[in-house]
Structures are given as structure tokens and as C-alpha cells.
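Quick note: numbers below take in every heavy atom, side chains included, and nothing from hydrogens, waters or symmetry partners. Whatever order the structure lists ligands and atoms in, that order sets their numbers, starting from 1.
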Amino acid sequence: MSILKIARLGHPVLRKLAEPLSDQELRSDRMRQFIDDMIETMMEYDGVGLAADQVHVSKQITVLEVADNPRYPEKPKVPLTVLVNPKITPLTEEFEEDWEGCLSIPDMRGKVPRYKTVKVQALDRHGAQVEFVAVGFHARVIQHEWDHLNGKVYLDRMRDFSSLSFLGEFARYWLAK
Ligand code: NI
């Protein structure tokens, strides 16, 4: 396994629409290896999610996991999940605002509105169909990663930039509130 290089904001790959994977592509040894590398890369950098375009591959794959994460302490746990060709449908009009960060936009946090509840339809890494409902932080992470596949980053979703902060200032001025 290997740790992959992360594309940072400004790299054109982050603004492209990612291509869906064919069944054959998903089952290839190369793709299995790549998904393992994505998982390892996410863990190495303490991400709670990673989209393939963030490691320079414009394909519709995301991985997510929330365990004991030093970048996001106190967040509800999400098991390791691989979503291929995901479709997201909001199940509510209700938005929640909360903090997000992104490995492609290092050392920053901003408050982002997201749908509170979404339905997720995707393939898992073995090509099996999965469907589930995600709520709260879980739904937030999925919407963030799904945006990456559509060439968007969380900054595009912020209502305004008044909360946008470097990590040091975030900890000092916002976390305590
Ligand atoms: Ni991100």
C-alpha cells in the first residue's frame, strides 16, 4: 500500500466532474489497490473522508470513516465505507450549519450549511448496491465528499466567509464558544 499525494485547492483536478466507474474497472486489481491506497491516505492524514479526485484520479470513488479522529474529536463514529458512483438525495429541506475542513484546503475551517438527512445509493468496493440514510455529521461528510466528485469544495457551499478561519484562530476564537 502507499500514501498518495493530495491535490490542493487550485489544482484543476479538484474542479472536474469525476467519471463513473464501470463494473469491470471496479473489479480490476489496479482499482482494488487504488481504493486501499485511498483508505491508507485518508488515515495517514486524519481525514474523515477522501474523494478520488483529491488524489488526482477523476473517478467517482469516495472513502469515509470517523473513528477516534484528532482532527474531529467528539464526532459520532462512522464505519469505514467505500462509495462508488454515489447518488445523494436530500430527504429534508432542513439545513444544519457546522464546521468543515478539507485535506485539499489545509489548516482551515469554515461553517457550511448541509442537508440534515440524505439518502445514499452507491456501489460498495465489491460492486454490490448499497442504500442507506445518513443523518447529521455522517450526512455532512457524505455531502462534502460527493461535492468533490462534482468539482466542488466546501467553500462553494458557505453562505458567507465570516467564519472562515485558520486552525489556530479557529481553536482560539471559535471552539470555546
Ligand atoms: Ni474535502
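For the side chain to side chain donor-acceptor pair (under 3.5 Å) test, residues two or more places apart in sequence or in another chain that qualify with Lys77 are Asp68. Annotation: side chain to side chain donor-acceptor pair (under 3.5 Å) contacts of Ser165 (sequence neighbours excluded): Trp174. For Glu100, the side chain to side chain donor-acceptor pair (under 3.5 Å) partners at least two apart in sequence or on another chain are Arg114, Arg140, His144.
Below 30°, between 30° and 60°, or above 60°: for Phe170 and Trp99 the angle between ring planes is above 60°, a perpendicular geometry.
Listed for the Asp124 side chain is a donor-acceptor partner under 3.5 Å among the backbone atoms of Gly127.
Judged purely by distance below 3.5 Å, without hydrogens or angles, the side chains of Asp147 and Gln143 never pair a donor atom with an acceptor atom.
Around the Ni ion (ligand 1), protein atoms of type N, O or S found under 2.8 Å number 3.
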